[in-house]
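Note sheet for the following structure.
Sequence lines set the chain letters: A, B, ... in the order given, protein chains first and strands last, and positions in each chain run from 1. Computed from a predicted model, the values in this text were never measured in an experiment.
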Amino acid sequence: MSQITWMLSLIPDWFWTLVLISGIVGTLATWVLKFIPFVSTYRLPIQVASIIALIVGVYFQGAIANETKWQNKIADLQKKVAEAEDKSKETNVVVQEKIVTKTKVIKEKGKTQIEYVDRVITQDKEVVKYIEQCPVPKAIIDAHNAAAEMNKAAEVKK
Amino acid sequence: MKYLCVFLTALLVGCSTPVPIKPSFPEAPQVLKEKCENLKKIEGDKVAITEMLKVVIHNYTLYYECSTKVEGWQEWYDSQKKIYESVK
């Protein structure tokens, strides 16, 4: 069916306007110009052909109007899609910049905290005494490490 | 009857107008696609409390880095959804 549509689309729009006009003229002629010998002789064939031309012409005028309406809608939608794609790219840049900045701040804060532990906490006399006398029990280290790797257990269960 | 069917089919040809528009799926920022790092473990048997504290701080840092990515995904999704819904 698309082949028929394609073939019809090759015919220029003015042709269907011409068909419609000839249909109108022919129909009117068979009613009004009965006194002309040619028209009165071939009245019925001219009338039938004119009515067919009128119907076909009206149908294709409707089809052309419908096609124009859809083409306009397509153009409008294509414009909106292009704008949306641009907006999407802009949003990506904003989100990316925000994440990079936040991550940088978090990393710096973490580094500062660790430096603070090295510089201040480990110099505290009471802490030094505690470090020397009380290493962290292995059970606590194991429990910490197991908690740090609990995601691996979930991955295996998949 | 068959001529009527052919005529109706020909009439309906005018109603089937395919719309050749396909919006592409938005690409997420590269930073969001990076996986979160695994948490750090405490190495060694005899470990000072301060060493353990440093590992805990490092892991907090990793958590906040990862939660930032999740927030980024949420923001990205909300923004893209708004943009997608505006195209109608």
Stepwise side chain to side chain donor-acceptor pair (under 3.5 Å) check, B/Glu34 with B/Gln30: CA-CA 7 Å; B/Glu34 287 165 9; B/Gln30 188 56 39; 5.0 Å; no
Main-chain N/O of A/Ala84 paired with A/Ser88 side-chain donor or acceptor, under 3.5 Å: no
Region of A/Lys98 in contact with chain B, defined by heavy-atom distances below 4.5 Å: side chain
Lys/Arg-Asp/Glu bridge criterion (N-O < 4.0 Å) met for A/Glu97, A/Lys102: no
Residue part contacting chain A, namely of B/Glu43, when any heavy atom lies under 4.5 Å: neither
Heavy-atom pairs under 4.5 Å with chain B, option from A/Thr103, A/Ile99, A/Asp76, A/Val94 with the top count: A/Ile99
Under 4.5 Å from a heavy atom of chain B, the part of A/Glu83 involved: neither
Residue part contacting chain B, namely of A/Asp142, when any heavy atom lies under 4.5 Å: neither
Structural part of B/Glu65 lying under 4.5 Å from a heavy atom of chain A: both
N/O donor-acceptor pair under 3.5 Å between B/Lys40 side chain and B/His58 backbone: no
Chain B contact via A/Val136 - which portion, at a heavy-atom distance below 4.5 Å: both
Side chain, backbone, both or neither of A/Phe60 within contact of chain B (heavy atoms, under 4.5 Å): neither
Main-chain N/O of B/Glu27 paired to A/Asn92 side chain as donor or acceptor, under 3.5 Å: yes
B/Leu53 portion near chain A, given a 4.5 angstrom heavy-atom threshold: side chain
A/Asn145 side chain to B/Lys41 backbone, donor-acceptor under 3.5 Å: no
Segment of A/Thr91 engaging chain B (4.5 angstrom heavy-atom cut-off): side chain
Residues B/Ser24 and A/Glu85: side-chain donor-acceptor under 3.5 angstrom: yes
Among B/Gly72, B/Ser86, B/Pro26, residue most engaged with chain A (heavy-atom pairs, under 4.5 Å): B/Gly72
Side chain / backbone / both / neither for B/Tyr60 at chain A, heavy atoms under 4.5 Å: neither
Partner chain A: residue of B/Asn38, B/Val47, B/Val56 with the largest heavy-atom pair count (under 4.5 Å): B/Val47
Heavy-atom proximity to chain B below 4.5 Å, by part of A/Val127: side chain
Residue part contacting chain B, namely of A/Gln113, when any heavy atom lies under 4.5 Å: both
Any donor-acceptor pair under 3.5 Å from B/Trp73 side chain to B/Leu32 backbone: yes
Heavy-atom neighbours of A/Glu126 CD exceed 12 at 6.0 Å: no
